[in-house]
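Remarks on the structure that follows.
In what follows, chains are A, B, ... by sequence order, proteins preceding strands, each numbered from 1. Heavy-atom basis, side chains included; hydrogens, waters and symmetry copies ignored.
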Amino acid sequence: MAGDTSQSATPMDRLWQDTDARGVSEAALVIDVGGFEGPLDLLLHLARTQKVDLARISVLALAEQYLQFVDSARRVRIELAADYLVMAAWLAYLKSKLLIPQQVRQDDGPTGEEMAATLAFRLKRLEAMREAATRLINRNRLGRDVFARGAPEHIPERNGQAFEANLYDLLNAYANLRQRQAVTQVTIERRKVWSLVEARELLTSMIGEIGDWTALQHYLLDYMSPTDRVTATASAFAASLELVREGRLEMRQDGAFQPLYMRRATGRPGGPVSE
Amino acid sequence: MSQTDMIDALDPLDGPVTGLELEAERTAEALVFAAAEPVSESYLAERLPRGVDVARIMWRLVRLYAGRGVNLIRVEDRWAFRTAADLSFVIRRDDTEVRKLSRAALEVLAIIAYHQPVTRAEIEEIRGVQTSRGTLDVLMEAGWVRFRGRRRTPGRPVTLGTTPRFLDHFGLEEIRDLPGLEELKGAGLLSGRIPPDFRIPIPMSAEDLSEDEDPITQLDLEELGLLTPGGGEDE
Amino acid sequence: MSQTDMIDALDPLDGPVTGLELEAERTAEALVFAAAEPVSESYLAERLPRGVDVARIMWRLVRLYAGRGVNLIRVEDRWAFRTAADLSFVIRRDDTEVRKLSRAALEVLAIIAYHQPVTRAEIEEIRGVQTSRGTLDVLMEAGWVRFRGRRRTPGRPVTLGTTPRFLDHFGLEEIRDLPGLEELKGAGLLSGRIPPDFRIPIPMSAEDLSEDEDPITQLDLEELGLLTPGGGEDE
């Protein structure tokens, strides 16, 4: 809710000058990866240290902070979870789009501004939900602040049903049963390399649908250990081709050794639908 | 709020009260009082004398109990007596444990409440993190969250929503009473898409900005070394 | 009797009521209401504002509730709310007490829902145990399961399926609304450690007969009538 009043009217020039006025000597950021619920949570935390309304944050500065954090973590050889690295790749991509002056728009990809707005919107929405959750949990709660009849005298019948069961009980019973019967012991080997497709999936859950041409791969490779790069590129490429064949992905490359762009396939009639 | 409005609005109904209505009042009182769970209006209607206006009876009772230690409250179309919230500190017992929710579970609950009907994918998109096993489980077991149905979109994902018990637990008459719901909706924060007026100004140069970055200090790095990597798991 | 005497006897105490006393009344009301057992006067005295006359408060409450649907009564030296005796006929426990469905019944019901049309032999194969006679009976009695038809295979086993009432009870619009593998996983009901070939069927419509099913005829029903509830014979 913070800032739905201020976001629209503020002239943008002043906004960015504002940032200079802010104290630079913020308390040092405490980085506790274990304490964050994923990269978006970490970004929200970083944004808060900017001490401004989320509608006015400097996305570029935020990206820079995040990338610095990831770099430092890697320098001290902390193994970051894949989703942190994917977010880093995306932010690096975003950063490059924001820094490079508007190129001749050779394609319909989202502008850096649009991507930044998307990120800011998601951060703001997540923060709004956090606030809502706090307000919810601080309400007068049944059994803590407000009490029901301590000695109920009867249970009202429910729609004349003689048996009680809810959907959750039913599904739970089914899932447990099927799982019990599926005795096969499976141990999934830990993956060394995640494919670009996996990266996209991770990113989609972090940032939302990537509908337009994205050249994530290029940036993603920066965040892989050199030994993994070759295999990652190979498996990512193979996986993407598979997806293209299934009609779920479109790829584009402007020239040899140029970044590989990809986007979700659109409007392929009758194609299998991905979840 | 809306209860008070309703009470005021009913004032004109004050008029003459028939003996039948008084009897209906007593009966309704007894039925709701006896139960621990909210009692539906149809359940009451079946048991009250024919021809009485159940809603009028109930609202008269709401007013009657408004100032007392026990209040009549409404949860969707159900009625229940609950102790007055201001007496919380007296009634609260040491042994009454309310369910402790993890931060993740609370966040998921809020998202389900405010965005319902909502799919798991949408929840994950909002939180930017996968919902761990057990998080939804806790909410389902508490009886606050339920499967609502399936979205009529490709893949037909299951949608989640809250239950009447959720409303009862958090003292809400209906979903519309969720705190801040209207503002959030107005700000476009309950939609999957960026509202059209949501724009982020973009800096012209990189130099100006480095000043509002907090550099990573040696201290941070030391702390990093202490901490376990690969977090992001909720629960 | 003695309560009435007491009320009469208290009339002289009517006098002025202080704000403190009104507060004490509210608190006492809430305490007695929320307690799982009748509460003693000393329990109340500990929690009511200091200096109030607990007995006087309680007897004032007795009188306040005397004509209502709920009465404050004294059981030995403890206090409790009870629905008025003359209304007991409305309150009395419903004959059909709501019973929780057994785990076996839930499992069978779930299998029928997901795998319909399914024969009894198939259910047993999935569960790995014999289904006791009573289990299906319970589900039939609840009106959630029905005979759909007969499979066009040797022995022409009877196929089972769910009823509209099943959908209604579980809040499903159609049988296809049952969550699939991914949703079950997402809800934390299935662990990640499942074999790759693990499948959950997409339930067939409860209405239409499948290709290898014959409708159930009157004759079949008569035949089944002999077999189902009483005789432990199946298939």
Is it true that B:Arg103 and A:Asp41 have a side-chain N and a carboxylate O under 4.0 angstrom from each other?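 Yes, this pair counts.
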
A:Arg149 with B:Glu37: basic N within carboxylate O range, under 4.0 Å: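 No salt bridge links A:Arg149 with B:Glu37.
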
Exercise: identify the closest heavy-atom pair between A:Phe121 and B:Gly188: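 Smallest heavy-atom distance, with atoms named: CE1-O, 3.5 Å.
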
Nearest heavy-atom neighbours spanning B:Leu189 and A:Ala128: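 Closest heavy-atom pair between B:Leu189 and A:Ala128: CD1-CB, 3.8 Å.
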
Between [atom1] of [X] and [atom2] of [Y], what distance do you get to the nearest 0.5 Å?
| X | Y | atom1 | atom2 | result |
| --- | --- | --- | --- | --- |
| B:Ser88 | A:Arg141 | OG | CZ | 12.0 Å |
| B:Ile73 | A:Leu142 | CD1 | CG | 8.0 Å |
| A:Tyr168 | B:Thr163 | OH | OG1 | 13.0 Å |
| A:Leu136 | B:His169 | CG | NE2 | 9.0 Å |
| A:Leu171 | B:Phe147 | CG | CZ | 5.5 Å |
| A:Arg139 | B:Asp177 | CZ | CG | 7.5 Å |

Quick one, [X] and [Y] - any side-chain contact, counting heavy atoms below 4.5 Å?
| X | Y | answer |
| --- | --- | --- |
| B:Ile126 | A:Arg125 | yes |
| A:Leu40 | B:Val129 | no |
| B:His115 | A:Met129 | yes |

Can you say whether [X] sits under 4.5 Å from chain A via the side chain, the backbone, both, or neither, judging by heavy atoms?
| X | value |
| --- | --- |
| B:Phe33 | both |
| B:Ala85 | both |
| B:Arg82 | both |
| B:Phe170 | both |
| B:Leu172 | both |
| B:Leu178 | side chain |

Counting heavy-atom pairs under 4.5 Å with chain B, which one of A:Thr134, A:Asn172, A:Asp169, A:Leu126 comes out on top?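 Highest number of heavy-atom pairs under 4.5 Å: A:Leu126.
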
If you count heavy-atom pairs under 4.5 Å between each of A:Gly150, A:Ala133, A:Ala151 and chain B, which one has the most?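 Result: the option with the highest number of such pairs is A:Ala133.
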
So which of B:Ser42, B:Ala110, B:Ser191, B:Pro179 has the biggest tally of heavy-atom pairs under 4.5 Å with chain A?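 Answer, by heavy-atom pair count under 4.5 Å with chain A: B:Pro179.
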
Could you check which of B:Met140, B:Arg146, B:Glu122 has the highest count of heavy-atom pairs closer than 4.5 Å to chain A?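 With the most close heavy-atom pairs to chain A, the winner is B:Met140.
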
Heavy-atom proximity to chain B below 4.5 Å, by part of A:Arg130: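 The answer is the side chain of A:Arg130.
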
What part of A:Leu167 lies closer than 4.5 angstrom to a heavy atom of chain B: side chain, backbone, both or neither?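 The side chain, not the backbone.
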
Any donor-acceptor N/O pair, B:Thr83 side chain to A:Val146 backbone, under 3.5 Å: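 The answer is no, because no donor-acceptor pair under 3.5 Å joins these two groups.
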
